[in-house]
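Computed from a predicted structure; not experimentally measured.
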Protein chains: 2
Amino acid sequence: MSTEFQDIKSHITNLIQMNEEVFNLALGHFTLKHIKKGDYLVTEGTIAKHIAYIRKGLFRTFYLKDGNEVNTCFCMENSMTTSHESFVNKKASTEYIQALEDATIISLSHESLLSLYESNSEWVELSRLLTEVECARLTERIKALSFETAKEKYLHLLTSQPKVIQRVSIQHIASYIGVSRETLSRVRSQISQLQ
Amino acid sequence: MSTEFQDIKSHITNLIQMNEEVFNLALGHFTLKHIKKGDYLVTEGTIAKHIAYIRKGLFRTFYLKDGNEVNTCFCMENSMTTSHESFVNKKASTEYIQALEDATIISLSHESLLSLYESNSEWVELSRLLTEVECARLTERIKALSFETAKEKYLHLLTSQPKVIQRVSIQHIASYIGVSRETLSRVRSQISQLQ
DNA sequence: AGAATCAATTGACATATGTCACATTATTGC
DNA sequence: GCAATAATGTGACATATGTCAATTGATTCT
């Protein structure tokens, strides 16, 4: 097996016990892709036909609200991303997924996933687990939004996703936690003064 | 089949194509229970060992934050409720589920569900679908929390869950949408004046 | 039915945050 | 490397909302 699929293998076998042979049979369904910073994996109105395992890079998910972008997710190395509802239900996506850095992904189509379901039930179970992961992510986001003040929201993100704060611009973080970028800027300067 | 299980059967066969025989084999696992207003299905720190189909009544899910209750979900007739993460992962619940009205539920234990998994794979698929429903609920809640003003949040709930507003006290709704009950009270009087 | 408890309303006030405007600093592209 | 563009930081100000307190209205329980 080429080394480029080694990390997705670890990622999957970390979630679920899977025989090496079973995994290797899926290799033909995987496609390695390079995505340029600023490019989109998914856009509003289209159906997300692939799920992407991120080998390198960083993506944001956002939707448009009154013409403004609202970020809902940041995904980086060693995780999977897609417009979940669109991918699962084959319906038009309400959101965009954009690369914030040059990225390398391993792409798996919905068709491929269905044929893997047929070949081995472990792929069904993996799908169920990925839905559970999505639930956990949504729960985490609800928590992030439920904090009362901008400062609390930022400090929470600082501990729950420190790498996001290191790599994502302040305007995108502000949008994610639901405060204006000016307020977040003031919160940050206030915090750095205290230290 | 006694009539008391007719509605849960409709509910399940609405989600997934299921042979009548397959469903009937599960009947022995269902338990009918009556819950008094104010009583709890799940409390913080315990493991949610059952999932409940609600035949009658209304439940709220909440957690404690700095000693204050924060509502996260209202469930009523013809839907299922449990502390999802606790039930799925067999870990201590971080939330409470309380009856806001006298209720009748049909209860299914985690053990029973696992044995149904063995008997027929349609129950596995049902489980995945219930997780998708949970995802949709969480997404809806994120949307509710993402509106900017108290008025927008309330008006959204008014259209998305009108029955909740009819049956749930204002203090619980305020907690759900993340505003103080005083503010919600003012928002409501403002809205009724305009009409 | 009446007492007691709980829920909702309303007023006064302090404040966190959004918005606009502009200055400053980074980043990008040629 | 330099111009152009984008991102971030700050000040001034208006306002939506939380908090506290007091009142009114509704439920509950014996």
Which part of the nucleic acid does [X] contact within heavy-atom distance under 4.0 Å: base, sugar-phosphate only, or nothing?
X	value
A:Arg188	sugar-phosphate
B:Ser180	base
B:Ser169	sugar-phosphate
B:Gly178	sugar-phosphate

What is the distance, rounded to the nearest whole Å, between atom [atom1] of [X] and atom [atom2] of [N]?
X	N	atom1	atom2	answer
B:Asp102	D:dT27	CG	C1'	14 Å
B:Arg186	D:dA16	CZ	P	13 Å
B:Phe147	D:dA16	CZ	C1'	17 Å
A:Glu182	C:dC20	CD	P	10 Å
B:Ile170	C:dA7	CD1	P	12 Å
A:Gln171	D:dG9	CD	P	11 Å
A:Lys151	C:dT15	NZ	P	15 Å
B:Leu184	D:dT19	CG	P	15 Å

- Item | Residue-phosphate contact under 4.0 Å: A:Thr183 side-chain N/O, C:dG18 OP1/OP2 | yes
- Query: To the side chain of B:Lys37, which of D:dT28, D:dT8, D:dG18 is closest?
  - Reply: D:dT28
- Message: Whether A:Lys9 and A:Glu4 form a salt bridge (side-chain N of Lys/Arg under 4.0 Å from carboxylate O of Asp/Glu) is what I want to check.
- Response: no
- Side-chain touch B:Glu132/A:Val88, heavy atoms, less than 4.5 angstrom: yes
- Side chain proximity check, A:Arg60 to A:Tyr176, heavy atoms < 4.5 angstrom: no
- Cation-pi, A:Phe147 ring and B:Lys65 (6.0 angstrom, 45 degrees): yes
- Is the A:Tyr63-A:Tyr96 ring centre distance short of 6.0 angstrom? no
- If you pin A:His172 and B:Val179 to their nearest nucleotides in DNA chain D, which one's is more 5'? A:His172
